[in-house]
Each structure stands twice: as structure tokens, then as C-alpha cells.
**Q** 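Submitted below is the structure of interest, expressed as C-alpha cells.
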Amino acid sequence: MSEIRIAVAGAGGRMGRNLIQAVTEAQGLRLGAATEQPESSLLGTDAGELAGVGRLGVPLVADLSEVIDDFDVLIDFTVPTATMVHLALCRRSAKRMVIGTTGLDEAQRVQVTAAGEEIAIVFAPNMSVGVNLCLKLLDIAARVMGDDVDIEIIEAHHRHKVDAPSGTALRMGEVIADALGRDLREVAVYGREGQTGARERRTIGFETIRAGDVVGEHSVWFAAEGERIEIAHKASSRMTFAGGAARAAGWIAERERGLFDMQDVLGLRSL
Ligand SMILES: NC(=O)C1=CN([C@@H]2O[C@H](COP(=O)(O)OP(=O)(O)OC[C@H]3O[C@@H](n4cnc5c(N)ncnc54)[C@H](OP(=O)(O)O)[C@@H]3O)[C@@H](O)[C@H]2O)C=CC1
Ligand SMILES: O=C(O)C1=N[C@H](C(=O)O)C[C@H](O)C1
């Protein structure tokens with residue numbers, strides 16, 4: 001593939017605008033299409049002008065099927081219902097996808113997995129290099145500190161975020177639970193209130209903060225008697241996620257099928 005044509009879904013959103021910029025800055029990628037939801041006042045607007053990178057000659061359209069011949073890889077950071085519609089269309093049309101949308105339920109995640117048997121997909125709750133490195137560090141910390149610590153995951157995001165805990169926090173919990181041979185569905189505790197009783201060692205706690213314009217912060221405590229390890233990541237720009245998504249788009253364009261995440265894209269899985 002010479003130049004990879006990218007479609008950005010949810011182009012008017014916080015991530016959508018950053019994704020357009022990241023695609024225009026990435027070598028070998030070109031914006032081919034951009035979509036927004038059917039009621040959006042932004043339909044028809046030039047995607048480049050919207051993102052502040054100058055005119056690209058790509059107007060926002062309401063339906064991905066209108067522009068199905070104009071892209072090779074779809075980057076989708078929208079909402080779960082829209083992502084599912086786009087997934088079905090990409091599956092029918094043999095298009096590759098990079099999915100950053102969080103908050104998918106179990107049935108929706110099963111659909112993503114099934115689609116990965118036919119098309120190539122990168123699906124990751126966080127596309128930043130730093131967070132993906134943290135996932136490796138969490139695996140090591142969990143194996144070393146093991147069952148002798150209390151583990152708590154604290155995350156903070158902007159006031160507009162609609163899902164909680166964040167997809168990243170949940171993935172962190174999964175990595176830790178896997179390392180310790182626990183089932184996250186059995187040991188997760190989401191917030192605490194009232195007469196909770198003393199903490200059970202095997203639980204993994206999640207605390208959520210929603211406030212102001214926080215881009216995304218995650219901190220994991222491994223707390224013992226007498227010492228505490230903290231593994232923390234703070235994103236100060238959405239371009240860190242958008243740059244990762246552009247990198248994932250270039251990477252997935254080389255694959256025919258399969259479900260991957262950023263550990264695969266960044267070559268971290270075998271470390
Ligand atoms: N994986 C990662 O690295 C990251 C993931 N995320 C995730 O990305 C998602 C989006 O976040 P964010 O950009 O902040 O949210 P926004 O609400 O700013 O953006 C979502 C955009 O999608 C649009 N949209 C809704 N339905 C459709 C549709 N059917 N077709 C096309 N567009 C549609 C929305 O339009 P409207 O507002 O008009 O409804 C909105 O413009 C979230 O799930 C978030 O958690 C965020 C950052 C990093
Ligand atoms: O909604 C956001 O903003 C973010 N969502 C992702 C998540 O849910 O983990 C990633 C990032 O932290 C920003």
C-alpha cells in the first residue's frame with residue numbers, strides 16, 4: 001500500500017480533531033474521509049479546517065457507507081453504539097479498524113472479537129506509549145508484590161467523560177488480576193461508601209474522579225505495611241493518544257485479519 005487513506009469517525013469530537021491533526025502529521029497517511037453523527041451541525045465542514053490544520057478537501061459526512069471507497073483504515077473514537085455500526089460496516093466491506101472507544105459492554109466486546117476473525121483491528125483503551133509501558137510495569141509489580149499488598153486504581157478525567165471507570169483503569173485491573181491469577185469480575189470493588197468493613201486483601205479497588213479539563217490521569221497503588229509503590233501516568237495532551245492511533249493505523253494496514261492492541265503495535269508483548 002503506497003499511501004494509506006484514513007477515515008476518522010466522530011471527527012468533530014475532542015479526539016476526532018486531534019486524530020485529524022495526527023493523521024496529517026504522520027508519514028504515509030492521508031485523510032480520506034471524516035464522519036459525524038447525523039444531527040451534527042458540523043456536517044459539510046471541511047475536516048482540516050475544523051481541526052485547525054488547513055483545508056483538506058474532506059467534508060464531514062453523516063454516514064460511513066457514503067465514503068466507504070475513500071479509506072483503507074477507519075479510526076473510531078466515538079461512542080459504543082456508533083462503533084458497533086461502524087464495525088459491522090467495516091466487516092462487510094473488508095476495511096481495517098483502529099478502535100479507541102471505551103465503555104463497550106461484554107456483548108459489544110464479543111462482537112469486536114468475532115470481527116477480528118475476518119478483518120484486522122487494533123482495539124485499545126489507551127493508545128499512549130506511556131500507558132502501555134505502565135501496563136508492563138503493573139504486570140511486574142503485581143508478580144513481585146503479589147498477595148502481600150492492597151491494590152487500588154485511581155483515575156481522573158475531564159467532566160465530560162461519560163463512562164467510568166475509564167477503559168484504561170479497567171485494563172490495568174485486568175493486567176493485575178491476570179498476573180495474580182484472580183478474576184477481575186470477582187475481585188473488583190468500585191468506590192466505597194458506608195459501613196464497608198475492613199478491606200479484603202484480594203480485592204482490587206477502583207476510584208473515579210471527574211473534574212474540569214483533566215485529560216487523563218491514572219495511578220495504581222501497591223500498598224503494604226511500611227511501604228507503597230505507585231505507578232502513575234498523566235496525559236497532558238490528547239495528541240499523545242492521537243499519535244498512537246495514527247501509528248496503529250499504519251501498523252494495521254499491513255495486516256489482513258486479527259484482533260490486536262497497542263502492546264502488539266508497540267512490540268511490548270514479548271518484553
Ligand atoms: N483509546 C484511547 O487512547 C482513548 C480513548 N478515548 C475514548 O474515545 C471516545 C471519544 O472520546 P472524546 O473524543 O473525548 O468524546 P467526544 O464526545 O468529544 O467525541 C465523540 C464524537 O463522536 C461523535 N459521534 C457520536 N455518534 C456518532 C456517529 N454515529 N457517527 C459519527 N460520530 C459520532 C460525537 O458527536 P456528538 O458530540 O455530536 O454526539 C462526538 O463528536 C471515548 O469513548 C473515550 O473514552 C479517548 C481518548 C483516548
Ligand atoms: O475519555 C477520555 O478522555 C479518555 N478515555 C480513555 C479511557 O477511558 O481510558 C483513555 C484516556 O484516559 C482518555
Side-chain angles (χ1 to χ4, degrees), residues 7-22 33-43 45 47 50-51 60-67 74-90 97-105 108 112 121-132 134-135 153-175 206 208-219 232-249 261-263 265-266:
V8 171
R14 281 175 290 275
M15 278 306 298
R17 294 170 199 233
N18 282 273
L19 287 164
I20 292 165
Q21 184 183 340
T35 78
E36 251 303 328
Q37 51 98 354
E39 308 299 318
S40 174
S41 59
L42 297 172
L43 295 177
T45 308
L50 184 65
L60 267 62
V61 300
D63 189 341
L64 190 65
S65 63
E66 287 179 46
V67 288
L74 172 67
I75 304 182
D76 186 324
F77 285 60
T78 57
V79 291
T81 48
T83 299
M84 288 303 110
V85 171
H86 297 152
L87 180 78
L89 187 58
C90 286
M97 289 183 82
V98 174
I99 302 174
T101 309
T102 58
L104 276 63
D105 64 25
Q108 291 167 330
V112 174
I121 303 171
V122 176
F123 178 38
N126 199 306
M127 308 265 174
S128 93
V129 175
V131 157
N132 283 282
C134 283
L135 293 176
I153 302 173
I154 303 129
E155 58 101 341
H157 283 86
H158 53 95
R159 65 193 312 282
H160 303 287
K161 186 163 176 60
V162 294
D163 55 314
S166 70
T168 307
L170 290 169
R171 177 58 53 84
M172 288 173 158
E174 285 165 3
V175 166
F206 289 85
T208 294
I209 296 164
R210 294 286 175 265
D213 61 355
V214 178
V215 173
E217 303 190 2
H218 294 86
S219 177
H233 179 270
K234 294 183 185 180
S236 49
S237 164
R238 289 187 175 84
M239 281 303 286
T240 188
F241 311 128
R247 184 168 171 173
D261 67 15
M262 283 306 282
Q263 299 287 307
V265 174
L266 299 172

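Whatever order the structure lists them in is the order used to number ligands and atoms, beginning at 1.
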**Q** For side chain to side chain contact (heavy atoms under 4.5 Å, CB included), just list the numbers for His158 and Arg14, CA-CA rounded to whole Å, side-chain angles, deciding distance to a tenth of an Å, and then say yes or no.
**A** CA-CA 11 Å; His158 53 95; Arg14 281 175 290 275; 3.6 Å; yes
**Q** For atom 19 (O) of ligand 1, what's the nearest protein heavy atom and its distance?
**A**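 Result: Gly13 CA, 3.5 Å.
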**Q** With respect to Met127, determine whether any N or O atom, backbone or side chain, lies less than 3.5 Å from an N or O atom of ligand 1.
**A**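 Such a contact does occur with ligand 1.
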**Q** Measure the distance from atom 20 (C) of ligand 1 to every protein heavy atom, then report the residue, atom name and distance (to 0.1 Å) of the closest one.
**A**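 Answer, as residue, atom name and distance: Phe77 O, 3.9 Å.
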**Q** Would you say Met15 and Ile75 make side-chain contact, with heavy atoms under 4.5 Å?
**A**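 Result no, sub-4.5 Å side-chain heavy-atom pair not found.
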**Q** Under a heavy-atom criterion of less than 4.0 Å, does His218 contact ligand 2?
**A**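 Right, His218 reaches ligand 2.
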**Q** Under 3.5 Å, is there a donor-acceptor pair between the His218 and Ser166 side chains?
**A**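 Looking only at side-chain atoms, Ser166 and His218 do form a donor-acceptor pair, the distance falling under 3.5 Å.
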**Q** Out of Arg14, Met262, Glu36, whose heavy atom sits nearest atom 12 (P) of ligand 1?
**A**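 Looking at heavy atoms only, the winner is Arg14.
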**Q** Do the side chains of Gln37 and Val79 get nearer than 4.5 Å, heavy atoms only?
**A**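 Not in contact.
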**Q** I need the atoms of ligand 1 closer than 4.0 Å to a non-hydrogen atom of Ala82, numbered in the order shown.
**A**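 What qualifies from ligand 1 is 26 (N), 27 (C), 28 (C), 29 (N).
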**Q** At what distance is the nearest protein heavy atom to atom 42 (C) of ligand 1, and which residue and atom is it?
**A**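 Closest protein heavy atom to atom 42 (C) of ligand 1: Thr78 O, 3.8 Å.
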**Q** Do Ile121 and Leu87 make a side-chain contact, defined as non-hydrogen atoms from C-beta onward lying under 4.5 Å apart?
**A**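 Contact flag for Ile121/Leu87 side chains = yes.
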**Q** Is there a donor-acceptor pair under 3.5 Å between the side chain of Thr101 and the backbone N or O of Thr78?
**A**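 Yes.
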**Q** Do the side chains of Phe77 and Met127 get nearer than 4.5 Å, heavy atoms only?
**A**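 Met127 reaches Phe77 side chain to side chain.
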**Q** Compute the minimum heavy-atom distance from Arg238 to ligand 1 and say whether it is under 4.0 Å.
**A**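 The answer is no: ligand 1 sits nowhere under 4.0 Å from a heavy atom of Arg238.
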**Q** Report the nearest protein non-hydrogen atom to atom 9 (O) of ligand 2: residue, atom name, distance rounded to 0.1 Å.
**A**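 The protein heavy atom lying closest is Thr168 OG1, 2.5 Å.
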**Q** Heavy atoms of the protein only: does one fall short of 4.0 Å from atom 37 (O) of ligand 1?
**A**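 No, no protein heavy atom sits under 4.0 Å from atom 37 (O) of ligand 1.
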**Q** When you measure from the side chain of Arg17 to the backbone of Gly12, do you find a donor-acceptor pair of N or O atoms at a distance under 3.5 Å?
**A**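 Yes, because the side chain of Arg17 sits within donor-acceptor range (under 3.5 Å) of the backbone of Gly12.
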**Q** Closest non-hydrogen protein atom to atom 5 (N) of ligand 2, residue and atom name please, with distance?
**A**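 So the nearest neighbour among protein heavy atoms is Lys161 NZ, 3.2 Å.
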**Q** I'd like to check which ligand 1 atoms, numbered from 1 as shown, lie under 4.0 Å from a non-hydrogen atom of Thr35.
**A**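 Those atoms are 31 (C).
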**Q** Where is the nearest protein heavy atom to atom 7 (C) of ligand 1: which residue, which atom, and how far?
**A**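 Nearest neighbour among protein heavy atoms for atom 7 (C) of ligand 1, to 0.1 Å: Gly100 O, 3.5 Å.
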**Q** Side chain to side chain contact (heavy atoms under 4.5 Å, CB included) with Asp76: which of Val98, Thr83, Val85?
**A**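 Going through the options one by one, the only one that passes is Thr83.
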**Q** Side chain to side chain contact (heavy atoms under 4.5 Å, CB included) between Gln263 and Leu135: does it pass, once the steps are laid out?
**A** CA-CA 9 Å; Gln263 299 287 307; Leu135 293 176; 3.7 Å; yes
**Q** For Lys161, counting its heavy atoms only, list the atoms of ligand 1 lying under 4.0 Å from any of them.
**A**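 Within the 4.0 Å cut-off of Lys161, ligand 1 contributes 45 (O).
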**Q** List the closest protein heavy-atom neighbour of atom 46 (C) of ligand 1: residue, atom name, distance to the nearest 0.1 Å.
**A**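 Its nearest protein heavy-atom neighbour is Met15 CG, 3.6 Å.
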**Q** For atom 27 (C) of ligand 1, find the nearest protein heavy atom and state the residue, atom name and distance (0.1 Å precision).
**A**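 Ranked first by proximity to atom 27 (C) of ligand 1 is Gln37 CB, 3.5 Å.
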**Q** From Thr168 OG1 over to Asn132 CG, what is the distance, rounded to the nearest 0.5 angstrom?
**A**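 It comes to 8.5 Å.
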**Q** What protein heavy atom lies closest to atom 10 (C) of ligand 2? Include the residue and the distance to one decimal.
**A**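 Answer, as residue, atom name and distance: Pro125 O, 3.3 Å.
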**Q** Short list, please: which atoms of ligand 2 are under 4.0 Å from a heavy atom of Asn126?
**A**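 Listed by number with element, the hits are 10 (C), 11 (C), 12 (O).
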**Q** Quick one: closest heavy-atom pair of Ala235 and Val215, and the distance?
**A**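 Heavy-atom minimum between the residues: O-CB, 3.3 Å.
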**Q** What are the atoms of ligand 1, with element, lying closer than 4.0 Å to any heavy atom of Thr101?
**A**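 Answer for ligand 1: 43 (O).
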**Q** Identify, for atom 3 (O) of ligand 2, the protein heavy atom at the shortest distance, and state residue, atom and that distance.
**A**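 Going by distance alone, atom 3 (O) of ligand 2 is nearest to His158 NE2, 2.9 Å.
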**Q** For atom 45 (O) of ligand 1, what's the nearest protein heavy-atom neighbour? Residue, atom name and distance, please.
**A**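 For this ligand atom, the closest protein heavy atom is Thr102 OG1, 2.6 Å.
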**Q** Tell me the contacting part of Pro125 for ligand 1: side chain, backbone, both, or neither, using a 4.0 Å heavy-atom threshold, strictly below.
**A**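 The backbone, only.
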**Q** Looking only at protein heavy atoms, which one is nearest to atom 12 (O) of ligand 2, and what is the separation?
**A**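 The closest heavy atom on the protein side is His157 NE2, 2.6 Å.
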**Q** Identify the two heavy atoms, one from Ala62 and one from Pro38, that lie closest to each other, and give their separation to 0.1 Å.
**A**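 Closest approach of Ala62 to Pro38: CB-CA, 3.8 Å.
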**Q** Can you list the ligand 2 atoms lying under 4.0 Å from a non-hydrogen atom of Gly167?
**A**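 Close to Gly167: 7 (C), 8 (O), 9 (O).
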**Q** Check ligand 2 against Ser166 and write out every atom of the ligand that is under 4.0 Å from a heavy-atom position of the residue.
**A**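 Contacts of ligand 2 toward Ser166, numbered from 1: 7 (C), 8 (O), 9 (O).
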**Q** Out of all atoms in ligand 1, which are within 4.0 Å of some heavy atom of Asn126? Include the element for each.
**A**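 The atoms of ligand 1 under 4.0 Å from a heavy atom of Asn126 are 1 (N), 2 (C), 3 (O).
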**Q** Evaluate the side-chain proximity of Leu74 to Leu64: yes if any heavy-atom separation is below 4.5 Å, no if none is.
**A**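 A side-chain contact under 4.5 Å exists here.
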**Q** Please step through side chain to side chain contact (heavy atoms under 4.5 Å, CB included) for the pair Leu50 and Leu42, ending with a clear verdict.
**A** CA-CA 9 Å; Leu50 184 65; Leu42 297 172; 3.9 Å; yes
**Q** Decide yes or no for Thr35 and Glu66: does some side-chain heavy atom of the first lie under 4.5 Å from some side-chain heavy atom of the second?
**A**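 Not in contact.
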**Q** Looking only at heavy atoms of Ala124, does any of them come nearer than 4.0 Å to an atom of ligand 1?
**A**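 Per 4.0 Å heavy-atom rule, Ala124 contacts ligand 1.
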